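To start, the structure under review is shown below, and the notes come after it.
No hydrogens, no waters, no symmetry mates; every other heavy atom, side chains included, goes into these values. What you see is a predicted model; the values in this text were computed from it and never measured. Positions are given from 1, in the same order as the sequence printed here.
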Amino acid sequence: MTSDYTQVFQDTEAVEKYETVTYAPDSYASRINERQRDYLRSLVRREFPEHPPVQHDFACGTGRAIRALQGLVREAHGYDTSAEMMAKAAEVGSRAYWHQIPMDGPVPTPVAAGFPALVTIFRLLLNVNEGVRDRALAFAAKVLPHRGSGLLVVENHGNAGSVRHLRARRHSGERWFAELSHDEVERLLARHGFEIVERRGFSMLTPSLHDNRVARAADAAARRMPGSDAYAVNVLYTARRVHA
């Protein structure tokens with residue numbers, strides 16, 4: 001991660017705010033989280049019907065992706081630079097083995113837990129620089145050395161092709177505002193030997209429109225339209241290694 005990330009989330013108050021305010025019930029983030037949870041559980045049931053995978057959650061934070069798949073994986077491993085985030089994850093009921101990793105240096109070595117495996121990388125890509133993104137994907141490639149090893153699921157919570165892009169100029173230069181296009185994510189994955197096999201969007205709205213009933217109704221209708229994933233603000237990409 002970046003030093004900013006690690007320093008911010010060494011503060012227990014920042015960790016508490018992330019878990020109880022950002023992801024408060026009925027908040028923008030928690031609604032997207034619920035939709036993602038449903039998708040992830042359906043994905044695992046569909047792709048691993050006979051042998052449940054081992055989950056490796058990189059930049060696990062408070063264990064949101066781990067909690068989403070409890071009961072559907074053989075075991076879960078969470079990796080993060082912030083001990084405080086992982087402590088909160090355990091406190092709120094995320095069941096996993098926790099591994100604190102350095103924020104730089106060699107690519108962390110994943111626990112050897114067998115196959116199939118599922119790597120999840122949520123809410124990381126926009127918060128770090130390109131070097132850290134590459135480090136995260138290199139970690140995923142270590143977990144998934146070949147096509148039959150399992151799946152990678154990566155989140156982009158700032159799609160540059162969505163309405164969120166309209167705010168880009170106003171927030172230019174702000175460290176917590178960033179965006180990535182589908183092409184940029186695809187190139188990042190390809191650089192580490194992954195190809196996208198599925199893309200799913202979860203909201204066409206920005207947080208400022210979250211409480212508008214008309215906008216929420218329009219969002220629900222738009223998400224059912226073919227091709228709407230291209231314009232969603234929040235997107236998950238499911239990928240496999242290219243080579244056998």
Side-chain angles (χ1 to χ4, degrees), residues 1-45 52-105 108-114 117-128 132 135-136 139-140 143 151-158 175-176 202-203 207 210 234 236:
M1 323 311 167
T2 65
S3 58
D4 281 348
Y5 172 90
T6 304
Q7 290 167 4
V8 166
F9 290 115
Q10 284 178 350
D11 180 351
T12 55
E13 289 186 8
V15 173
E16 185 69 22
K17 180 180 178 181
Y18 181 81
E19 180 63 25
T20 61
V21 177
T22 302
Y23 283 93
D26 202 39
S27 67
Y28 177 81
S30 67
R31 281 183 170 269
I32 290 176
N33 182 52
E34 290 166 6
R35 296 168 190 166
Q36 290 179 337
R37 178 183 183 277
D38 291 343
Y39 170 74
L40 286 172
R41 295 184 74 82
S42 295
L43 176 72
V44 168
R45 290 189 180 105
V54 173
Q55 182 182 12
H56 297 264
D57 190 27
F58 191 83
C60 62
T62 58
R64 179 169 55 99
I66 289 171
R67 292 197 298 277
L69 289 173
Q70 284 181 176
L72 292 181
V73 298
R74 293 201 312 279
E75 61 186 69
H77 294 269
Y79 306 79
D80 205 286
T81 60
S82 169
E84 288 75 13
M85 286 290 250
M86 291 187 290
K88 173 56 71 172
E91 179 186 318
V92 298
S94 305
R95 296 193 293 272
Y97 298 97
W98 307 108
H99 311 280
Q100 188 171 7
I101 57 175
M103 62 184 176
D104 51 24
T109 299
V111 172
L118 174 70
V119 179
T120 46
I121 303 176
F122 276 56
R123 214 172 174 89
L124 174 72
L125 298 189
L126 293 190
N127 298 335
V128 296
V132 181
R135 192 164 184 260
F139 171 86
V143 178
L151 291 173
L152 165 66
V153 181
V154 178
E155 179 182 30
N156 173 11
H157 62 290
R175 66 172 183 165
W176 292 115
F202 294 90
S203 179
H210 169 70
N234 184 286
L236 291 185

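- Atom-to-atom distance recorded for R45:CZ and L69:CG is 9.5 Å, nearest 0.5 angstrom.
- With hydrogens and angles ignored, the 3.5 Å screen pairs no side-chain donor or acceptor of E155 with any backbone N or O of L236.
- When each of L40, N156, N33 is tested with F122 by the rule side-chain contact (heavy atoms from CB on, under 4.5 Å), just one qualifies, namely L40.
- Taking both residues in full, the closest heavy atoms of I121 and D57 are given as N-OD1, 4.4 Å, listed atom of the first, atom of the second, then distance.
- One N or O on the side chain of D80 and one on the backbone of G61 form a donor-acceptor pair closer than 3.5 Å.
- The two residues F139 and P108 make their nearest non-hydrogen contact at CD1-O, 3.4 Å.
- Between Y79 and H56, the ring planes are parallel. Angles under 30° get that label, and only those over 60° would be called perpendicular.
- Under a 4.0 Å N-O distance rule, the pair R31/E34 does not qualify as a salt bridge.
- No side-chain heavy atom of T109 sits less than 4.5 Å from a side-chain heavy atom of H99.
- G78 and M86 get closest at one heavy-atom pair: O-SD, 4.0 Å.
- R67 places a side-chain N or O within 3.5 Å of a backbone atom of T62 that can act as its donor or acceptor partner.
- Within 6.0 Å of atom CZ in R95, 12 or fewer heavy atoms from other residues, nucleotides or ligands are found, so the atom counts as exposed in its surroundings.
- Put simply, the side chain of Q55 gets close to the backbone of A65: a donor and an acceptor are under 3.5 Å apart.
- With rounding to the nearest 0.5 Å, the separation of CZ in F202 from OH in Y39 is 6.5 Å.
- With hydrogens and angles disregarded, a donor-acceptor distance shorter than 3.5 Å links the side chain of R74 to the backbone of A113.
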- request: Show your working on side chain to side chain contact (heavy atoms under 4.5 Å, CB included) between I32 and H157 and close with a plain yes or no.
  value: CA-CA 10 Å; I32 290 176; H157 62 290; over 6 Å; no

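- Considering every non-hydrogen atom in both L152 and A140, the closest pair reads CD1-CB, 4.0 Å.
- From E84, atom CD reaches atom CD of Q100 across 7.5 Å, with rounding to the nearest 0.5 Å.
- The distance from atom NZ of K88 to atom OG of S94, rounded to the nearest 0.5 Å, is 10.5 Å.
- With rounding to the nearest 0.5 angstrom, the OG atom of S30 is 10.5 Å from the CZ atom of R64.
- The closest side-chain heavy-atom distance from C60 to M85 is not below 4.5 Å.
- Between F58 and L124, the closest side-chain pair of non-hydrogen atoms falls below 4.5 Å.
- Side chains of P53 and V73 form a contact here, defined as non-hydrogen atoms less than 4.5 Å apart.
- Taken from CG in N234 to CD in Q36, the straight-line distance is 4.5 Å, to the nearest 0.5 Å.
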